[in-house]
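Below is one structure, written out as structure tokens; comments come after it.
Counting starts at 1 for both ligands and their atoms, following the listed order.
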Amino acid sequence: MKGLNCELPSSTNFIQSIINEDLKNNKNDGRVHTRFPPEPNGYLHIGHAKSICLNFGLAEVYDGLCNLRFDDTNPTKEEVEYVDSIMADVKWLGFDWDDRLFYASGYFEKLYAYALDLIEAGKAYVCDLNAEQIREYRGTLTEPGKNSPYRDRSVKENLDLFQRMRAGEFPDGSRVLRAKIDMSSPNINLRDPVLYRIQRASHHRTGDQWCIYPMYDYAHPISDAIEGVTHSICTLEFEDHRPLYDWVLDNVTVLCHPQQIEFARLNLGYTVMSKRKLRALVEQGIVNGWDDPRMPTISGLRRRGYTPEAIRDFCERIGVAKSNSFVDIAMLEHSIREDLNARAPRVMAVLRPLKVIIENYPEDQVEMLEAENNAEHPEMGSRHVPFGRELYIEQDDFLENPPKKFFRLAPGREVRLKHAYIIKCERVVKDEQTGQILELHCTYDPDTRSGMNNEKRKVKGTLHWVSAKHAVKAEVRLYDHLFLKENLEEDEDFRANLNPGSQEILTNCMVEPSLAEVLPGYRYQFLRQGYFCVDQDATAGQLVFNRIVSLKDAWAKIQKSGNN
Ligand code: ATP
Ligand code: MG
């Protein structure tokens, strides 16, 4: 732990400024203890990654601790599947809670005891109004609320009723326990908020042990305090709940009073970031599960081929602020490009093959040509790719009637084949009926082999290719944004804005033979095309790749134009 005499990190965001100040004043005896508190009602998304990086990151910076705590107070929406996926995702991101894995449900007995204390102190009461009546009595932003007719029940009666609520004597929704605070408070959260509700629902950890469940606003501060959390970091929508957070801790006997600090949640363009909406996408079959590579979930990004390093880098770049804003998805893509640019081996893959026949190349000859794995990183070595008489190039690397600035292949024109020779297009063979281009007949210049110090002639275009005889067939899945609109309004029907072209599956791709036995999770740069990752659907006989991201870096461009 960092004591007073340790050097504090120079503050880089407002939360660190707060913590630095606390450490200077020896608040919390110089401890820094945070927590990441997901509700296990869905899979984690990139917004949660921001919170994870922040909470675990602060613990790292200050030599403190960060707990993982499941906020599992709502049994109807929570499942073990979500608990397991959340743990796997936090670990994958590179963080560790050691032995500090907690559940709010682990505190149910304590929370109940604290509720009894509140009743005995005259600070909580059992209310028989139904949900609708409670809403009516609550008032509005401009009008104060009215006291519940049950507000002045005696302590004795309240104790008796609350104990009987727990014992299961009353039907669901018939009674609640409420804090007795102030029905005319300008802050609606303080107008006698509900602390407990009756709900007969099996809980994923406590089973049918309980038929009353605590509300988040009551369970959360006490859970923080029980764990000795010093800084309880949450998103901005909880700002108005902070007085209630503090009220709860001021009115029960706990050992410490954590400080709630709010920061702006992450919003990303062209996607949705609420578990409710993500769940709807999954349940309605709009995507293929929580780990669909188009999803902004951690599991979706992982399957797509994102690295934990790139996601952490992105979370670092976006920083922590006090006001909500939108983050350009190009920034996330920039992070993965930067990461993979340094470490992904370069390979050749033809996504939409067009046959090329080199007429002057000997029929049965095969040359193994050396190809570097990453020109910028010679230490990544090289491999050999076979070259033969029949090749595939990309369909759109050929145009019969090219515009002036088209430097790829066209009738009578020359291009270099990467790692190989200069070829010239001599003849186009078409389907007589449809006019479709079937193959190109070319010639090669044997004196132009790459790397032989005889690259005398310069040509403008260099194409990737594969040998037809040696190439391995693969499926390649191309992804685009899930939504057509960058900024979906909160109440907008998100289904209406789905991008029908968010997934394109190419089944006839041809990749170089060095990829024949790659394993799911391996990442490559397909030359001139982008970064790709072997999907988990790949089997020994069937290669499947996901496109993580194309090569064009929109974010770098945005930054450049911003600097001009
Ligand atoms: P959702 O709106 O997606 O359901 P939530 O806030 O209900 O999210 P929780 O499981 O309660 O989900 O979130 C756990 C933690 O992650 C909370 O501290 C929450 O503030 C934080 N968090 C959730 N979404 C974001 C986001 N978009 N950006 C930053 N932090 C987030
Ligand atoms: Mg929440």
Side-chain angles (χ1 to χ4, degrees), residues 13 15 34-59 66-74 76-79 81-87 89-90 93 95 97 101-105 204 215-217 219-221 223-224 227 229 231-242 245 258-283 290 295-301 311-312 314-327 329 331-332 487-488 490-491 494:
N13 64 47
I15 298 182
T34 57
R35 84 287 173 267
F36 173 63
E39 185 184 352
N41 61 349
Y43 281 59
L44 297 182
H45 53 60
I46 181 79
H48 293 112
K50 176 176 179 178
S51 177
I52 292 167
C53 291
L54 178 59
N55 280 294
F56 282 93
L58 286 170
C66 180
N67 298 355
L68 175 62
R69 178 173 72 241
F70 287 100
D71 248 324
D72 54 352
T73 55
N74 190 359
T76 54
K77 292 191 179 145
E78 296 162 3
E79 286 173 36
E81 177 195 349
Y82 300 138
V83 171
D84 294 342
S85 76
I86 289 169
M87 290 198 281
D89 287 350
V90 175
L93 279 174
F95 298 105
W97 53 87
L101 169 63
F102 301 110
Y103 297 85
S105 59
H204 67 104
M215 301 301 288
Y216 175 87
D217 279 339
H220 198 77
S223 305
D224 281 345
E227 292 174 16
V229 165
H231 300 86
S232 176
I233 298 163
C234 61
T235 36
L236 277 182
E237 66 271 22
F238 289 101
E239 198 166 16
D240 290 344
H241 296 239
R242 189 180 347 126
Y245 183 97
Q259 178 183 3
Q260 176 177 309
I261 304 170
E262 309 86 15
F263 72 101
R265 66 194 295 122
L266 168 66
N267 293 305
L268 256 192
Y270 299 104
T271 189
V272 288
M273 202 84 89
S274 110
K275 279 185 275 184
R276 184 177 56 79
K277 289 178 183 166
L278 294 173
R279 180 153 7 104
L281 290 172
V282 173
E283 284 171 359
W290 286 96
M295 292 280 271
T297 51
I298 308 287
S299 49
L301 291 165
I311 294 177
R312 293 203 304 264
F314 168 71
C315 292
E316 185 72 30
R317 274 172 206 268
I318 55 179
V320 181
K322 261 262 170 222
S323 61
N324 279 322
S325 66
F326 243 82
V327 172
I329 200 158
M331 203 166 158
L332 177 62
N487 190 349
L488 289 155
E490 189 49 46
D491 48 0
F494 59 95

Ligand 1 atoms in contact with [X] (distance to a heavy atom under 4.0 Å):
X      : answer
Pro38  : 10 (O), 14 (C)
Thr235 : 19 (C), 20 (O), 29 (C), 30 (N), 31 (C)
Met273 : 3 (O), 27 (N)
Pro37  : 14 (C), 18 (O)
Ser274 : 3 (O)
Phe36  : 14 (C), 15 (C), 16 (O)
Phe263 : 29 (C), 30 (N)

Atom of Gly42, atom of Trp290 and distance for their closest heavy-atom approach
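Here Gly42 and Trp290 meet closest at CA-CH2, 3.9 Å.
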Going by the closest heavy atom to atom 6 (O) of ligand 1, which one wins out of Lys50, Arg35, Arg265?
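Going through Lys50, Arg35, Arg265 one by one, Arg265 has the nearest heavy atom to atom 6 (O) of ligand 1.
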Atom 16 (O) of ligand 1: which of His48, Glu262, Lys77, Glu39 has the nearest heavy atom?
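Checking each option, the heavy atom nearest atom 16 (O) of ligand 1 is found in His48.
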When only distance counts, is [X] in polar contact with ligand 1, meaning an N/O pair under 3.5 Å?
X      : value
Lys275 : yes
Glu237 : no
Leu266 : yes

Separation of Leu58 CG from Asn13 CG (nearest 0.5 Å)
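It comes to 6.5 Å.
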Name of the residue among Gln260, Arg242, Glu227, Arg35 meeting side chain to side chain donor-acceptor pair (under 3.5 Å) with Ser232
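The residue from Gln260, Arg242, Glu227, Arg35 that satisfies side chain to side chain donor-acceptor pair (under 3.5 Å) with Ser232 turns out to be Arg35.
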Take the angle between the ring planes of Phe238 and His241 and call it parallel below 30°, perpendicular above 60°, tilted in between.
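It falls in the perpendicular class, over 60°.
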Using a distance-only test with no angle check, is there a side-chain donor-acceptor pair under 3.5 angstrom linking Asp71 and Thr73?
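No, because no side-chain N or O of Asp71 sits under 3.5 Å from a partner of the opposite role on Thr73.
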Go through the side-chain N and O atoms of Tyr82 and Glu39 and say whether any donor and acceptor fall under 3.5 Å apart.
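Note: Tyr82 and Glu39 side chains miss the donor-acceptor criterion.
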Does a side-chain heavy-atom distance below 4.5 Å link Ile298 with Ser85?
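Heavy-atom side-chain distance check fails, nothing below 4.5 Å.
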For ligand 1, is any non-hydrogen atom under 4.0 Å from His45's backbone (N, CA, C, O), its side chain (CB onward), both, or neither?
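Contact part for His45 vs ligand 1: side chain (C-beta onward).
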Answer with side chain, backbone, both or neither: which part of Phe238 has a heavy atom less than 4.0 angstrom from an atom of ligand 1?
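Phe238 to ligand 1: no contact under 4.0 Å from either part.
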Please enumerate all residues that pass ring pair (Phe, Tyr, Trp, His ring centres under 6.0 Å) together with Tyr245, with sequence neighbours excluded.
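Ring pair (Phe, Tyr, Trp, His ring centres under 6.0 Å) list for Tyr245, sorted by chain: empty.
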Any residue meeting ring pair (Phe, Tyr, Trp, His ring centres under 6.0 Å) with His204, in chain and number order, not counting sequence neighbours:
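With sequence neighbours excluded, His204 shows a ring pair (Phe, Tyr, Trp, His ring centres under 6.0 Å) to no residue whatsoever.
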